Amino acid sequence: QVQLVESGGGLMQAGGSLRLSCAASGRTLSRYAMGWFRQAPGKEREFVSTISWSGGGIYYADSVKGRFTISRDNAKNTVYLQMNSLKPEDTAVYYCAGNPRGPSSQVAAYDYWGQGTEVTVSS
């Protein structure tokens with residue numbers, strides 16, 4: 001099966017940038033749509049962004065549109081989330097997830113999940 005490991009989280013001041021990475025092992029990411037989700041303490045996990053296997057289909061939550069960019073490098077078996085203009089409300093644990101059926105904004109559509117990487121944005 002697929003194992004996903006996120007990295008790149010940390011502490012950043014408001015207005016700064018971070019790049020999250022998600023490395024896959026066990027199988028390549030080819031033909032898998034990938035998604036990023038986040039969960040703040042006491043809140044439900046929410047959709048952030050998703051990208052199709054080819055990279056041609058990309059979707060963002062309204063809350064991050066224009067600030068975050070999702071990308072993938074199938075040769076490196078890795079997906080990325082570039083986060084710019086960070087706000088305190090972006091503070092959450094960020095999870096990557098894999099879906100062999102195609103892009104989706106729904107948590108239940110994804111079969112494989114990483115352990116999460118924590119992002120804290122201070123004001």
Side-chain angles (χ1 to χ4, degrees):
Q1 59 180 9
V2 174
Q3 292 87 45
L4 304 174
V5 179
E6 303 95 334
S7 62
L11 177 64
M12 180 60 63
Q13 293 181 326
S17 298
L18 286 171
R19 189 182 75 160
L20 306 184
S21 299
C22 176
S25 62
R27 299 185 64 172
T28 71
L29 296 180
S30 295
R31 305 290 179 176
Y32 279 68
M34 297 297 298
W36 285 97
F37 294 78
R38 66 188 184 186
Q39 188 167 22
K43 299 187 182 299
E44 295 182 341
R45 190 167 299 185
E46 67 173 350
F47 169 74
V48 175
S49 184
T50 186
I51 184 169
S52 66
W53 72 268
S54 68
I58 294 176
Y59 307 91
Y60 298 98
D62 288 342
S63 59
V64 307
K65 194 172 299 181
R67 299 188 298 120
F68 291 10
T69 303
I70 191 171
S71 62
R72 68 190 298 162
D73 187 339
N74 290 340
K76 295 182 178 180
N77 221 22
T78 303
V79 297
Y80 306 95
L81 185 69
Q82 178 67 46
M83 306 186 296
N84 297 329
S85 302
L86 283 164
K87 303 175 180 179
E89 49 262 48
D90 295 319
T91 296
V93 177
Y94 283 71
Y95 299 89
C96 66
N99 178 5
R101 294 170 293 278
S104 175
S105 64
Q106 299 182 7
V107 170
Y110 291 81
D111 296 331
Y112 308 104
W113 293 85
Q115 85 291 343
T117 185
E118 188 169 1
V119 172
T120 301
V121 183
S122 64
S123 59

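Not measured: the values here are computed from a predicted model.
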message: Is the ring pair Tyr112/Tyr32 parallel, tilted or perpendicular, if the boundaries are 30 and 60 degrees?
response: tilted
message: Given 3.5 Å as the limit, does a donor-acceptor pair link the side chain of Asn74 with the main chain of Ser54, or not?
response: no
task: Decide, yes or no, whether a salt bridge links Asp90 with Lys87 under the criterion of side-chain N to carboxylate O below 4.0 Å.
output: no
- request: Flag yes if more than 12 heavy atoms outside Glu46 fall under 6.0 Å of its CD atom; otherwise flag no.
  value: yes
- prompt: Can you hop from Phe47 to Met34 via hydrophobic side chains spaced under 4.5 Å?
  reply: no
field: Taking every non-hydrogen atom, the tightest pair across Pro103 and Ala33
entry: N-CB, 3.4 Å
- prompt: Can you check whether Ala109's main-chain N or O pairs, donor with acceptor, with Arg101's side chain at less than 3.5 Å?
  reply: yes
- line: Heavy-atom closest pair (Val121 atom, Thr91 atom, distance to 0.1 Å) is N-OG1, 2.9 Å
field: Donor-acceptor contact present, side-chain Ser85 to main-chain Gly15, <3.5 Å
entry: no
query: Does Glu89 CD have over 12 foreign heavy atoms under 6.0 Å away?
result: yes
task: State, with a plain yes or no, whether a side-chain heavy atom of Ile51 is found less than 4.5 Å away from one of Tyr60.
output: no
query: So, does Glu6 use its side chain to make a donor-acceptor pair with the main chain of Cys22 at under 3.5 Å?
result: no
Side-chain touch Val107/Tyr95, heavy atoms, less than 4.5 angstrom: no
query: If you look at every heavy atom in Gly9 and Val119, which pair is closest and at what distance?
result: CA-CG2, 4.1 Å
Flag side-chain contact, heavy atom, 4.5 Å: Val64 against Met83: no
- prompt: Do the side chains of Leu11 and Leu18 join up, straight or via other hydrophobic residues, at under 4.5 Å, putting them in one cluster?
  reply: no
message: Quick check: closest heavy atoms across Ser21 and Thr78, and the distance to 0.1 Å?
response: CB-CG2, 4.3 Å
statement: Of all heavy-atom pairs linking Ala24 and Asn77, the shortest is O-ND2, 2.8 Å
message: List the residues meeting ring-ring contact (aromatic ring centres under 6.0 Å, His included) with Tyr110, not counting sequence neighbours, and say none if there are none.
response: Phe37
query: Do the side chains of Ser25 and Val5 get nearer than 4.5 Å, heavy atoms only?
result: no
task: Measure across Ser49 and Leu81 and return the closest heavy-atom pair with its distance rounded to 0.1 Å.
output: CB-CD1, 4.4 Å
- prompt: Do the side chains of Met12 and Ser17 get nearer than 4.5 Å, heavy atoms only?
  reply: no
